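To start, the structure itself, in structure tokens.
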Amino acid sequence: MKEQPITTGRAHGEPARAGSTKALVVFLSLFFIAWSLRATVFYPIDEGIESGLLKEIYANSVKLALWVIPAVVYVAVVERRAPLKVLKISTPVGGKRLLYSAAAIALYFAGVIAFELFTSGKTLAALFDSGAREWLAVLFGVAFSPVSEEILYRGFILTELGERMGFWKANLLTSVLFVSIHWPHWLWATGFKPWMAVTSVTMFILSLFLGYLVKLSGSIWPSVAAHILNNFIASFLR
């Protein structure tokens, strides 16, 4: 059976319309170059900000400027479509879709926690030993970046690729691109280390799951929630 493209938030019954592949490749190439420069040559700007709060504000502002705004402009100007619909930002999630998404998230993280326990002995004991103030501090630190990342990768890139090659191939390629964008900073900061390969695999699996949540729900918001939850749990797995 021929694989169907993922939906783009267009009206019911209206076929998805893929834009210029060449334009998309140029867009993604420019994004990768811009972010690589930000994560390497210009990263000392982050290191020069002493206040943790100001550093978070700066980092998330830059990510918004480089990850979200260009994608919105591309959809609106180049493709002349409604960005909020195409990027699945305005898609409501309710009923069975919400229930299935919540169940999938619960099962996924139950598996992650069990895997960490049996392979490395890590637990969430630190979560229960911490107070509400620390929970909120960690949540604040991990809540904003995933929104920008999901809008670009699962909202924009996955949708654009899905219109051209179907969901499953698009999800694989999106996940490869998601992992690869982290490598410039890793290599610049420390050079190659074995942990990068392990982290890349776990990040790839997470990305596949986040993409599946978008397919399951038709919205990026369950994937945003799962991404935030992933970062939150990772902060307490010790």
Side-chain angles (χ1 to χ4, degrees), residues 3-11 14-43 45-46 58-91 144-188 200 203-204 206-215 218-221 223-224 227:
E3 191 176 18
Q4 296 297 315
I6 61 176
T7 59
T8 62
R10 297 170 69 81
E14 187 178 356
R17 173 173 59 84
S20 166
T21 299
K22 181 179 180 180
L24 179 62
V25 171
V26 170
F27 175 90
L28 294 178
S29 299
L30 291 175
F31 162 71
F32 191 90
I33 293 171
W35 186 255
S36 296
L37 290 173
R38 179 267 183 274
T40 56
V41 175
F42 296 105
Y43 193 74
I45 296 176
D46 296 65
Y58 169 76
N60 285 295
S61 297
V62 172
K63 183 164 281 190
L64 177 68
L66 294 180
W67 292 49
V68 177
I69 295 177
V72 171
V73 172
Y74 181 94
V75 173
V77 176
V78 177
E79 297 186 339
R80 297 183 180 180
R81 296 196 279 177
L84 294 184
K85 289 184 178 181
V86 173
L87 302 178
K88 299 179 177 63
I89 296 174
S90 61
T91 306
F144 297 100
S145 182
V147 177
S148 295
E149 294 182 9
E150 291 308 301
I151 289 175
L152 177 63
Y153 276 88
R154 255 60 62 176
F156 177 72
I157 297 177
L158 181 59
T159 296
E160 293 287 338
L161 295 179
E163 292 176 352
R164 293 162 173 80
M165 60 182 67
F167 172 75
W168 295 109
K169 291 179 181 178
N171 198 24
L172 286 170
L173 182 52
T174 299
S175 297
V176 170
L177 294 174
F178 182 68
V179 172
S180 67
I181 199 61
H182 293 80
W183 274 80
H185 177 71
W186 293 347
L187 294 174
W188 176 83
S200 293
M203 191 177 291
F204 181 78
L206 172 65
S207 180
L208 290 177
F209 174 67
L210 296 175
Y212 174 71
L213 282 178
V214 173
K215 178 177 175 61
S219 169
I220 66 163
W221 295 113
S223 71
V224 168
H227 198 154

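Model, not experiment: these values are computed from the prediction. The figures here come from the full heavy-atom set of this structure, side chains too, leaving out hydrogens, waters and symmetry mates.
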Checklist entry - Got a donor-acceptor contact below 3.5 angstrom from the S29 side chain to the V25 backbone? => result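 Confirmed, S29 side chain pairs with V25 backbone.
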
Item to check | Donor-acceptor pair, side chain of S90 and main chain of L84, under 3.5 angstrom | outcome: yes

I want to check something: taking the side chain as every heavy atom from C-beta on, are [X] and [Y] in contact at a cut-off of under 4.5 Å?
X	Y	value
F156	I151	no
K215	N171	no
E160	E163	yes
S175	M203	no
L152	F178	no
P70	F27	yes
H185	R38	no

Please report the shortest heavy-atom distance between [X] and [Y], naming the atom on each side.
X	Y	result
P184	F32	CG-CZ, 4.0 Å
A76	P83	CB-CG, 3.7 Å
F167	L158	CE1-CD2, 3.9 Å
Y74	S20	OH-O, 3.8 Å
H227	P146	CG-CB, 3.6 Å
W67	A71	O-CB, 3.8 Å

Measuring from [X]:[atom1] to [Y]:[atom2], what's the distance to the nearest 0.5 Å?
X	Y	atom1	atom2	value
L177	L173	CG	CG	4.5 Å
K88	E150	NZ	CD	12.0 Å
L24	L161	CG	CG	6.0 Å
L87	I157	CG	CD1	11.0 Å

Next on the checklist: If the condition is ring pair (Phe, Tyr, Trp, His ring centres under 6.0 Å), which residues does W221 pass it with, not counting sequence neighbours?
Outcome noted: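 Here no residue qualifies.
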
Checklist entry - In chain order, what residues pass the ring pair (Phe, Tyr, Trp, His ring centres under 6.0 Å) check against Y212, with sequence neighbours excluded? => result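 For Y212, no residue satisfies ring pair (Phe, Tyr, Trp, His ring centres under 6.0 Å) once neighbours in sequence are set aside.
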
Checklist entry - Under 3.5 Å, is there a donor-acceptor pair between the W188 and S36 side chains? => result no

Checklist entry - Does the pair V62 and F42 meet the rule for a side-chain contact (heavy atoms from CB on, under 4.5 Å), with working shown? => result CA-CA 11 Å; V62 172; F42 296 105; over 6 Å; no

Item to check | Sole candidate of I220, V214, I181 that passes side-chain contact (heavy atoms from CB on, under 4.5 Å) when paired with Y153 | outcome: I181

Checklist entry - Hey, is E79 close enough to K85 for a salt bridge, meaning N to O under 4.0 Å? => result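 K85 and E79: not salt-bridged.
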
